[in-house]
Participant: 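Right, I'll just put the structure down here and ask away after.
The structure displayed is predicted, hence computed values, not measured ones.
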Amino acid sequence: MELYVHIPFCVRKCEYCDFLSAPADERLQNRYVGALLHEIRYYGQIMGRPALSTIYIGGGTPSLLAPEYIALLLKQIQVSFEVETDAEITIECNPGTLNEEKLLTYKEAGINRLSIGLQSAFDDELKILGRIHTYRQFLENYECARRCGFENINVDLMSALPYQSTEKFVTSLKRVIALKPEHISAYSLIIEKGTPFYEKYKFEAVLREAGKPTEHLPSEETEYEIYKKTQEILAEAGYEHYEVSNYAKPGKEARHNIGYWKRVPYLGVGLGAASLIGEVRYSNIREIEAYIKACGNISAKEIDGVPALNLHESADAISRHAQMEEFMFLGLRMLKGVTRTEFKETFGVEIEAVYGEVLNQLQEEDLIEKKAGVIKLSDHGMDISNYVLAQFLLD
């Protein structure tokens, strides 16, 4: 299985961010790490030290924590779980919160992959996003990570930003490519409810979806042009486009994320963290004081008849239809697609018995390809993947 560890702290919330994160003082950080250690120990005991193929420390900004906290968490994970010798162990890092001491501690603790949230190579765009760093700080952190021996680094880039042109995004992309990271995540800005960006741009987002002119946000045509340019430029630079928004050098795909898309069982620990165990999806408490209190005395309970713990806020048994839906719209996010054999082995029926009409229609529209037992999105299907994937929702 996979393990996700949530660190809900950041210097300040970015303008577009709807993740479960907030600033916190040193005392709260210390209490939170203590609660995390309790939760990790508990699962190790009741699950019998299950094997972990990947570990992902996300947030928030995990690199905001003192490095000894990260080392302590990983040491407890090693005790409570059987971490595979070749496990992918990732930590999310934000420029402006990294230094050599932290990076060397991460390396010594067993972390072998960094995911650095750059978002843009232009300081004016970073300021609009509410990021705390400059492009120069990112470069200094990136170069320091290389000196400290990290050989597997992802860089996040965001497109469709307010006032952004295709040319400006392409310049950001080429600056990142010149650094030769092993992995690049390139995704479009989404205007999420509950964020400052939503209050600023919610009406423009509606106009854009309707194909009407906008004052600040790039048009859908510009967003599409950026997406196609990204594919073209990264392919020329030797990156494989293996998932809708992700590109990697050969053999450097994000194993943890692939696990999500293939529905590998995963355990999430920490505030609001989600788990998928035995076709039950669990979500942890989202209020930090309640979470810390629950971790101090973890006990079993039921939520709507589903076995759960007192630190769980919800526990939802996933229906057979919902499992099939997830198999398709998660699996088809990857360019390799899904196989008929895997569908039948998982659900005991042929894929055509469930999705035959949908598959035929999408093939006629040149949105999917069916070949040698594999079903995958076509190039055109990848361009409008949200529409295609929605067709696999069952009534």
Side-chain angles (χ1 to χ4, degrees), residues 1-4 50-54 56 84 86-88 182-183 185-187 227 231 234-235 238-267 274-281 317-395:
M1 67 187 308
E2 302 187 322
L3 178 68
Y4 173 79
L52 298 178
S53 57
T54 70
Y56 194 99
E84 295 178 359
D86 66 341
E88 176 191 87
E182 286 68 34
H183 190 284
S185 295
Y187 50 93
Y227 183 65
Q231 290 179 318
L234 285 170
Y239 290 85
E240 178 189 354
H241 186 194
Y242 72 96
E243 190 271 342
V244 172
S245 302
N246 287 279
Y247 304 78
K249 292 288 189 178
K252 295 298 184 179
E253 298 84 357
R255 289 166 49 194
H256 186 84
N257 289 345
I258 289 174
Y260 286 151
W261 300 321
K262 289 190 172 184
R263 301 187 76 250
V264 171
Y266 58 87
L267 174 65
S275 303
L276 176 64
I277 302 171
E279 299 308 340
V280 177
R281 181 166 285 109
I318 306 172
S319 69
R320 180 176 170 81
H321 272 187
Q323 292 174 41
M324 291 177 175
E325 291 170 350
E326 289 186 1
F327 180 94
M328 296 304 294
F329 62 68
L330 291 175
L332 286 173
R333 286 184 62 90
M334 295 183 293
L335 268 69
K336 290 182 178 178
V338 300
T339 68
R340 288 185 172 88
T341 300
E342 191 175 2
F343 188 93
K344 186 172 183 180
E345 288 176 351
T346 303
F347 302 110
V349 295
E350 299 290 346
I351 194 168
E352 282 79 9
V354 181
Y355 287 116
E357 187 175 336
V358 172
L359 292 171
N360 288 336
Q361 181 62 36
L362 291 174
Q363 188 174 31
E364 287 178 14
E365 296 175 17
D366 191 31
L367 297 175
I368 63 167
E369 298 174 358
K370 295 191 288 184
K371 185 177 181 181
V374 175
I375 299 165
K376 62 181 182 178
L377 297 180
S378 65
D379 288 342
H380 183 41
M382 186 63 65
D383 294 339
I384 55 171
S385 59
N386 287 342
Y387 164 78
V388 178
L389 300 180
Q391 306 312 303
F392 292 94
L393 294 173
L394 297 167
D395 295 332

Participant: State, to 0.1 Å, how close Asp366 and His380 come at their nearest heavy-atom pair, and which atoms those are.
Facilitator: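 Shortest heavy-atom separation between Asp366 and His380 comes out as O-CB, 3.8 Å.
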Participant: Flag the pair Leu335 / His241 as yes when at least one side-chain heavy-atom distance between them is below 4.5 Å, and no otherwise.
Facilitator: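 The answer is yes; the side chains approach within 4.5 Å.
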Participant: How long is the span from the CG atom in Leu52 to the OG1 atom in Thr54, to the nearest 0.5 Å?
Facilitator: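 The CG atom of Leu52 sits 7.5 Å away from the OG1 atom of Thr54.
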Participant: Among all residues two or more places apart in sequence or in another chain, which pass the side chain to side chain contact (heavy atoms under 4.5 Å, CB included) test with Leu394?
Facilitator: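 Applying side chain to side chain contact (heavy atoms under 4.5 Å, CB included) to Leu394 gives His321, Met324, Glu325, Val354, Tyr355.
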Participant: In Å, rounded to the nearest 0.5 Å, how long is the span from CG of Leu377 to CG of Leu367?
Facilitator: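 One finds 8.5 Å between CG of Leu377 and CG of Leu367.
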Participant: Sequence neighbours left out, what passes side chain to side chain contact (heavy atoms under 4.5 Å, CB included) with Ser185? Give chain and number order.
Facilitator: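 Asn154, Asp156, His183, Tyr187, Asn246.
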Participant: What's the shortest heavy-atom distance between Leu359 and Ile368, and which atoms?
Facilitator: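 Heavy atoms only, the tightest pair is O-CD1, 3.4 Å.
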Participant: Determine the minimum heavy-atom distance between Ile277 and Leu267, stating which atoms define it.
Facilitator: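 Heavy-atom minimum between the residues: CD1-CD1, 4.0 Å.
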Participant: Applying side-chain hydrogen bond (donor to acceptor under 3.5 Å, both in side chains) to Gln361 and Glu357, what does each step give before you reach the verdict?
Facilitator: CA-CA 6 Å; Gln361 181 62 36; Glu357 187 175 336; over 6 Å; no
Participant: State which residues pass side chain to side chain contact (heavy atoms under 4.5 Å, CB included) with Lys344; sequence neighbours excluded, sorted by chain then number.
Facilitator: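 Partners of Lys344 by the side chain to side chain contact (heavy atoms under 4.5 Å, CB included) criterion, ordered by chain and then number, come out as Glu350.
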Participant: For the residue pair Gly238 and Pro250, what are the closest heavy atoms and their distance?
Facilitator: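 Answer, listing the atom of Gly238 first, then Pro250: O-CD, 3.9 Å.
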Participant: Can Glu369 and Ser378 be said to form a side-chain hydrogen bond (donor to acceptor under 3.5 Å, both in side chains), step by step?
Facilitator: CA-CA 6 Å; Glu369 298 174 358; Ser378 65; 5.4 Å; no
Participant: So how far is it from Arg263 CZ to Glu342 CD, rounded to the nearest 0.5 Å?
Facilitator: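 So the CZ of Arg263 and the CD of Glu342 are separated by 10.5 Å.
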Participant: Roughly how far, to the nearest 0.5 Å, is the CD1 atom of Ile351 from the CZ atom of Arg340?
Facilitator: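 That separation rounds to 7.0 Å.
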Participant: With sequence neighbours left out, write down each residue that passes side-chain hydrogen bond (donor to acceptor under 3.5 Å, both in side chains) with Asn257, or none if nothing qualifies.
Facilitator: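 With neighbours one apart ignored, the set is empty.
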Participant: Is there any salt bridge (charged side-chain N to carboxylate O under 4.0 Å, His left out) pair reaching into residues 241-261, and which pairs are they, with sequence neighbours excluded?
Facilitator: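 Only Glu243-Arg333 qualify under salt bridge (charged side-chain N to carboxylate O under 4.0 Å, His left out).
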Participant: Sub-3.5 Å donor-acceptor pair from the side chain of Gln323 to the main-chain atoms of Ile318, do we have one?
Facilitator: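 Yes, Gln323 side chain to Ile318 backbone: donor-acceptor pair under 3.5 Å.
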Participant: Any salt bridge (charged side-chain N to carboxylate O under 4.0 Å, His left out) involving residues 377-389? Give me the pairs, sequence neighbours left out, ordered by first then second residue.
Facilitator: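 Every salt bridge (charged side-chain N to carboxylate O under 4.0 Å, His left out) pair that includes a residue of residues 377-389, provided the two are not neighbours, is Lys228-Asp383.
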Participant: Taking side chain to side chain contact (heavy atoms under 4.5 Å, CB included) as the definition, give me every residue that meets it alongside Pro265, ordered by chain and number, with sequence neighbours left out.
Facilitator: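 Residues passing side chain to side chain contact (heavy atoms under 4.5 Å, CB included) with Pro265: Met1.
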Participant: Does any part of the side chain of Val349, heavy atoms only, come nearer than 4.5 Å to the side chain of Arg320, both counted from C-beta?
Facilitator: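 Yes, close enough: below the 4.5 Å cut-off.
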Participant: Evaluate the criterion side-chain contact (heavy atoms from CB on, under 4.5 Å) for residue pair Lys336 and Val374; output intermediate values, then yes/no.
Facilitator: CA-CA 8 Å; Lys336 290 182 178 178; Val374 175; over 6 Å; no
Participant: To the nearest 0.5 Å, tell me how far Glu2 CD sits from Lys262 NZ.
Facilitator: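 The CD atom of Glu2 sits 11.0 Å away from the NZ atom of Lys262.
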Participant: Testing the basics here: between Leu276 and Val264, what is the closest heavy-atom pair and its distance to 0.1 Å?
Facilitator: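 Between these two residues, the closest heavy atoms are CD2-O, 4.5 Å.
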Participant: Do Tyr242 side-chain atoms and Ala254 backbone N/O form a donor-acceptor pair below 3.5 Å?
Facilitator: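 Present.
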Participant: Would you list the atom pairs, donor with acceptor, under 3.5 Å between side chains in residues 386-393 and any protein atom, with sequence neighbours excluded?
Facilitator:
| residue | atom | partner | partner atom | Å |
| --- | --- | --- | --- | --- |
| Gln391 | NE2 | Tyr387 | O | 2.8 |

Participant: Could you tell me which residues satisfy salt bridge (charged side-chain N to carboxylate O under 4.0 Å, His left out) with Glu88, sequence neighbours excluded, listed by chain and number?
Facilitator: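 Salt bridge (charged side-chain N to carboxylate O under 4.0 Å, His left out) check on Glu88 returns nothing, list empty.
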Participant: Output all residues satisfying ring pair (Phe, Tyr, Trp, His ring centres under 6.0 Å) with Tyr266, sequence neighbours left out; order by chain, then residue number.
Facilitator: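 Per chain and number, Tyr266 pairs via ring pair (Phe, Tyr, Trp, His ring centres under 6.0 Å) with Tyr260.
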Participant: Take Glu352 and Lys370 through the test salt bridge (Lys or Arg N to Asp or Glu O under 4.0 Å) and record every step on the way to the result.
Facilitator: CA-CA 12 Å; Glu352 282 79 9; Lys370 295 191 288 184; 5.0 Å; no
Participant: Could I get the full list of ring pair (Phe, Tyr, Trp, His ring centres under 6.0 Å) partners for Phe343, not counting sequence neighbours?
Facilitator: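 So Phe343 forms a ring pair (Phe, Tyr, Trp, His ring centres under 6.0 Å) with Phe327, Phe347.
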Participant: Got a sec, which residues hit side-chain hydrogen bond (donor to acceptor under 3.5 Å, both in side chains) with Tyr239, two or more places apart in sequence or on another chain?
Facilitator: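 For Tyr239 there are no side-chain hydrogen bond (donor to acceptor under 3.5 Å, both in side chains) partners, ignoring immediate neighbours.
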Participant: Is the His256 ring parallel, tilted or perpendicular to the Tyr4 ring (thresholds 30°, 60°)?
Facilitator: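 Ring orientation, 0 to 90° scale: tilted.
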Participant: Would you sort out whether Val244 and Tyr227 count as a side-chain contact (heavy atoms from CB on, under 4.5 Å), showing the intermediate values?
Facilitator: CA-CA 10 Å; Val244 172; Tyr227 183 65; 4.2 Å; yes
